[in-house]
Q: 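Dumping the structure here so I can ask a few things about it.
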Amino acid sequence: AEIYHLKAGGKDNWPKMDQAIARIKAARAAGKQVGADIYRYLNNGLGLDAFIHPRHSALGVEALRRKLIDTEARAQIRREMEGEEPWENWFHHIGRDWDNVVLSGMTQEPYRSRNGRSLGDVARSLGRDPWDVFFELARAGVFALPQSMSEANKILAMRQEFISFDTDAGPAGGSLIASHPRAFGSFPRILSRYVRELGVLSLEQAVARMTSVAANELGLYDRGRLVPGLAADVVAIDPIKIRDRATLGEPSLTSEGVRFVAVNGTLVLDDGKPTESLPGRVLRGPGFRAGRTSEPEH
């Protein structure tokens, strides 16, 4: 099993990270093949409408959007979000504080110039009630980045030998999924902040988490190591200059310090500049079965 982007979202859940790691260690000690991966940000990313109880989405997106202009429905949704009913309540996860949820992907006025700011800050700047702003932007399908995780938990997880790193984002190309800086900055951020600046991991440990640990957990045994006969996927970095530039407000800024990238033995980044080569191919893990009508993303 591979536990995808292991995290403890919401302050009430933070103590559970120790328990999760202990259970993974126990399973591995018993001979089970269990791994996990994380991305290196305290803000997760989701549609703002995920703050609403899922029962309101039962009839689809359009039905939800119609409901969000109804005064009585808004009042009911707010009561649910502020209440104590047990469900995956992201309003609770951010401490019931709209200053803990950053907004991204806003294209309509008067919000367009306010990307990268918290919902609370946006509401104050417009002189509006934050709940009115929430319902309007949830109806518009805006992307949200709630600060729901703790730095201590991220560092604790990062130090485990079975942890690898992910981006939890598709290819960087300006889509909604790239409205989070993890799409452009994940791995350079680990190398700059957590290796070079904080010393949480050695460079060798960090590289292993990004390469061989991840490849082995997914059963991709021809990847992740520099060995004759294996696929020549190679990244050459400047360990002094490597750093992420993507932020919550500007999530598509490219990183610095990556000099060369080869995929399957062909350069796709040459002295910091993209080439026109497209040598990549789909990597299918052990869960793939031929003849399926649709394939999972990799």
Side-chain angles (χ1 to χ4, degrees), residues 1-6 24-25 27-40 157-173 175 177-178 182-192 194-195 201-239 242 244 254-255 257-298:
E2 175 73 11
I3 301 171
Y4 188 54
H5 58 75
L6 176 70
I24 295 170
K25 285 183 174 179
R28 291 173 64 86
K32 307 293 186 182
Q33 187 176 340
V34 182
D37 49 79
I38 62 171
Y39 61 81
R40 228 341 304 147
M158 184 182 295
R159 286 177 165 155
Q160 308 305 314
E161 63 178 8
F162 55 81
I163 289 289
S164 56
F165 299 130
D166 67 61
T167 62
D168 191 35
S175 64
I177 200 69
R182 63 194 177 197
F184 281 76
S186 284
F187 286 33
R189 181 171 179 79
I190 292 165
L191 294 172
S192 61
Y194 295 94
V195 173
L201 294 174
S202 68
L203 179 60
E204 292 82 0
Q205 288 173 321
V207 169
R209 306 283 200 276
M210 296 173 179
T211 55
S212 58
V213 173
N216 289 346
E217 291 293 345
L218 296 176
L220 302 172
Y221 301 117
D222 65 336
R223 308 275 163 171
R225 292 175 295 146
L226 294 177
V227 177
L230 299 192
D233 296 338
V234 184
V235 179
I237 66 166
D238 184 327
I242 186 77
D244 61 313
T254 54
S255 299
V258 181
R259 295 290 307 279
F260 300 94
V261 178
V263 176
N264 290 320
T266 300
L267 279 179
V268 295
L269 193 75
D270 187 357
D271 200 19
K273 298 178 181 179
T275 69
E276 299 300 317
S277 298
L278 300 172
R281 63 180 182 84
V282 174
L283 300 179
R284 296 189 173 100
F288 175 77
R289 291 188 296 274
R292 293 178 58 164
T293 56
S294 62
E295 295 180 6
E297 293 183 3
H298 292 264

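Note that the coordinates shown come from a computational prediction; the quantities given were computed from them, not determined experimentally.
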Q: Please determine whether side-chain contact (heavy atoms from CB on, under 4.5 Å) holds for the pair Leu6 and Ile24, giving the CA-CA distance in whole Å, both sets of side-chain angles, and the decisive distance to 0.1 Å.
A: CA-CA 11 Å; Leu6 176 70; Ile24 295 170; 4.2 Å; yes
Q: For Asn264 and Arg223: C-alpha separation, side-chain torsions, deciding distance, then whether side-chain hydrogen bond (donor to acceptor under 3.5 Å, both in side chains) applies.
A: CA-CA 10 Å; Asn264 290 320; Arg223 308 275 163 171; 2.9 Å; yes
Q: Give me the atom names and distance for the closest heavy-atom approach of Glu217 to Glu2.
A: CB-OE1, 3.4 Å
Q: Asp168 versus Arg182: any side-chain heavy-atom pair under 4.5 Å?
A: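 Contact flag for Asp168/Arg182 side chains = yes.
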Q: Is the shortest heavy-atom distance from the side chain of Phe165 to the side chain of Tyr39 under 4.5 Å?
A: no
Q: Passes side-chain contact (heavy atoms from CB on, under 4.5 Å), Val234 versus Leu226? Steps please.
A: CA-CA 8 Å; Val234 184; Leu226 294 177; 3.8 Å; yes
Q: Which atom names give the shortest non-hydrogen contact between Asp270 and Phe260, and what distance separates them?
A: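 Reported closest heavy-atom pair: OD1-CE2, 3.2 Å.
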Q: Indicate the atoms forming the closest heavy-atom contact of Ala262 with Gly265, along with that distance.
A: CB-C, 4.4 Å
Q: When you compare the side chain of Met210 with that of Ile190, does any pair of heavy atoms fall below 4.5 Å?
A: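 Result yes, sub-4.5 Å side-chain heavy-atom pair found.
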Q: Ignoring hydrogens, what is the shortest heavy-atom contact between Leu269 and Pro274? Give both atom names and the distance.
A: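 Taking Leu269 first and Pro274 second, the nearest heavy atoms are CD1-N, 3.5 Å.
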Q: If the condition is salt bridge (charged side-chain N to carboxylate O under 4.0 Å, His left out), which residues does Asp166 pass it with, not counting sequence neighbours?
A: none
Q: Taking the side chain as every heavy atom from C-beta outward, state whether Phe162 and Val213 have any atom pair closer than 4.5 Å.
A: no
Q: Would a 4.5 Å heavy-atom cut-off, applied to side chains only, mark Ser186 and Arg40 as touching?
A: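 No, side chains not in contact.
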Q: Do Leu191 and Leu203 pass the side-chain contact (heavy atoms from CB on, under 4.5 Å) test, and can you show the C-alpha distance, the side-chain angles, and the key distance before you say yes or no?
A: CA-CA 7 Å; Leu191 294 172; Leu203 179 60; 3.7 Å; yes
Q: For Ser192 versus Asp244, what's the shortest heavy-atom pair and its separation?
A: OG-OD1, 3.6 Å
Q: Please name all residues satisfying side chain to side chain donor-acceptor pair (under 3.5 Å) with Arg159, sequence neighbours left out, ordered by chain then number.
A: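 Checked Arg159 against side chain to side chain donor-acceptor pair (under 3.5 Å); zero matches.
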Q: Taking the side chain as everything from C-beta on, heavy atoms only, tell me whether Val34 gets closer than 4.5 Å to Ile3.
A: yes
Q: So which heavy atom on Ser255 is nearest to which on Gly185, and how close?
A: OG-CA, 3.9 Å
Q: When you compare the side chain of Phe187 with that of Thr167, does any pair of heavy atoms fall below 4.5 Å?
A: yes
Q: Listed by chain and number, what are the side chain to side chain donor-acceptor pair (under 3.5 Å) partners of Gln205, not counting sequence neighbours?
A: Ser202
Q: The test is salt bridge (charged side-chain N to carboxylate O under 4.0 Å, His left out); show your working for Arg259 and Asp271 and say whether it passes.
A: CA-CA 5 Å; Arg259 295 290 307 279; Asp271 200 19; 2.7 Å; yes
Q: Counting C-beta onward and ignoring hydrogens, is there a side-chain heavy-atom pair between Leu201 and Met158 closer than 4.5 Å?
A: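 Yes. Closest side-chain heavy atoms under 4.5 Å.
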